[in-house]
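Structure, as structure tokens:
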Protein chains: 2
Amino acid sequence: MTTAKRDTYTPESLLSVAVQVFNERGYDGTSMEHLSRAAGISKSSIYHHVAGKEELLRRAVSRALDGLFGILDEEHARVGRAVERLEYVVRRMVEVLTAELPYVTLLLRVRGNTATERWALERRREFDHRVAELLKAAAADGDVRGDVEVRLATRLVFGMINSIVEWYRPDGRGMGEREVADAVVQLVFSGLHRSR
Amino acid sequence: MTTAKRDTYTPESLLSVAVQVFNERGYDGTSMEHLSRAAGISKSSIYHHVAGKEELLRRAVSRALDGLFGILDEEHARVGRAVERLEYVVRRMVEVLTAELPYVTLLLRVRGNTATERWALERRREFDHRVAELLKAAAADGDVRGDVEVRLATRLVFGMINSIVEWYRPDGRGMGEREVADAVVQLVFSGLHRSR
DNA sequence: AGAGTAACCGAACGATCGGTCGGGACAAGG
DNA sequence: CCTTGTCCCGACCGATCGTTCGGTTACTCT
């Protein structure tokens, strides 16, 4: 067969270990020594699989960004009434966030110290802008309240959704992905008050 | 007079410079060399004013936490109907966030690598818990929807409020503190849909 | 004028940083 | 058997980390 047994590291399997450590200690707070201990191989062996620390970061944020931008290509995000497309995107964002949790977490914590980080920030801004346009269209349709500025509302809604990475943990049967998505959609569109 | 002219650094004025750099580069991504350049004094001179890098972090997060916990001691947060106390706390949180922006920003990005950071995380959790109890009481009064779990709703609302530090900038006349507070209260309690 | 001290500096400390290097263990294919 | 390539290692590189130290200004108080 072409694919032999894999009891050794691939760039991908090493990435999943690295991203976990990055999220625990922060990217800057993580040394290659930390990574080698978590992976169970020596520091120099890591360089057999990846070019360096920054490549691990780039691979991770790329994966997260691909997941997010993929949402916008889906049919329900492209056709239909703006407010319904918006609700679909919000729900799918929660799903992508939880499915690719460690990668998205890392993406959302990037600060911009290196070229890779600045590229990630730029692509994030682009995604935010695309969703803001959706909200703007929904407001123009009259399906969304007009007394809160679109740009401000977008930022607050993103803040709520993105904050999921700070506490959501998929393992223990604490909370389902569907339950979180439902709650977010409820709060974003109807708020805390008793439903009308 | 006792207070002479101050064209030199105090622990407080040095802190405001340090916190700004911490927020730009991240705490771990900031070296004492970075701080010395931003402050305009040599690296060793910093140690004349503060004990070290970690003390700067401790002073900063302490100031942020004092501001937040101070809210809970105010009269409107202690007496009255739970849902109204909750709205008051939410509004005051936005005010404290914007007033002490760099300090709260730093607090919200702490990861837990050192004892100081773990202490900050613990106190944050305590504050979150206090607000969660307020939301729970409002739900028991029937003033807040019951179909979204209290713990989940608290986390999402905190996520929205805390995300303000990611984009709010007080300088240019871009957006007023009052406008942000109004928008947050509107979205948290009534959501995006047209007001009932 | 002289003493005291707050504010600051350059040089250097041991430790750790991300990354390199030459080579060893081992399995596959001839 | 020997070669080839994958996977990994310990030792080491120059650079930078947070911090310390001895010493020099410059201002205040007597």
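Per chain, numbering begins at 1; letters A, B, ... match sequence-line order.
Remark: P of D/dC9 and CZ of A/Arg37 are 14 Å apart, rounded to the nearest angstrom. The separation between B/Tyr9 atom OH and C/dC8 atom C1' is 13 Å, rounded to whole Å. In this structure, B/Ile46 atom CD1 and D/dC17 atom C1' are separated by 13 Å, rounded to whole Å. Protein atom CD of B/Glu55 is 12 Å distant from nucleotide atom P of D/dT20, rounded to whole Å.
Side-chain contact, A/Ser31 with A/His34: a donor N or O sits under 3.5 Å from an acceptor N or O. Side-chain contact, B/Tyr88 with B/Glu74: a donor N or O sits under 3.5 Å from an acceptor N or O.
Using a distance-only test at 3.5 Å, with no hydrogens or angles considered, a donor-acceptor pair links the side chain of A/Arg78 to the main chain of A/Asp73. Under the 3.5 Å distance criterion, the side-chain polar atoms of A/Arg118 are matched with a main-chain donor or acceptor of A/Gly112. A donor-acceptor pair under 3.5 Å is absent between the side-chain atoms of B/Asp143 and the main chain of B/Ala138, judged by distance alone.
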Could you pull out all donor-acceptor pairs under 3.5 Å where a side-chain atom in residues 94-101 of chain A meets a protein atom, sequence neighbours excluded?
| residue | atom | partner | partner atom | Å |
| --- | --- | --- | --- | --- |
| A/Glu95 | OE1 | A/Arg92 | NH1 | 2.7 |
| A/Thr98 | OG1 | A/Val94 | O | 3.0 |
| A/Thr98 | OG1 | A/Glu95 | O | 2.9 |
| A/Thr98 | OG1 | A/Glu177 | OE1 | 3.4 |
| A/Glu100 | OE1 | A/Arg63 | NE | 2.8 |
| A/Glu100 | OE1 | A/Arg63 | NH2 | 3.2 |

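For D/dT6, the OP1/OP2 oxygens have no side-chain nitrogen or oxygen of A/Thr8 closer than 4.0 Å. Contact annotation: B/Ser45 side-chain N/O to C/dC8 OP1/OP2 distance is not under 4.0 Å. Under 4.0 angstrom from either OP1 or OP2 of C/dA7 there lies at least one side-chain N or O belonging to B/His48. The side chain of B/His49 contributes an N or O atom lying less than 4.0 Å from OP1 or OP2 of C/dC8.
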Polar pairs (N or O, both sides) under 3.5 Å between protein and nucleotides 16-20 of chain C?
| residue | atom | partner | partner atom | Å |
| --- | --- | --- | --- | --- |
| C/dC17 | OP1 | A/Ser31 | OG | 3.4 |
| C/dG18 | OP1 | A/Thr30 | O | 3.1 |
| C/dG18 | OP1 | A/Lys53 | NZ | 2.8 |
| C/dG18 | OP2 | A/Met32 | N | 2.7 |
| C/dG18 | N7 | A/Lys43 | NZ | 3.4 |
| C/dG18 | O6 | A/Lys43 | NZ | 3.4 |
| C/dG19 | OP2 | A/Tyr47 | OH | 3.0 |
| C/dG19 | OP2 | A/Lys53 | N | 3.0 |
| C/dG19 | O5' | A/Tyr47 | OH | 3.4 |
| C/dG19 | O6 | A/Lys43 | NZ | 2.5 |

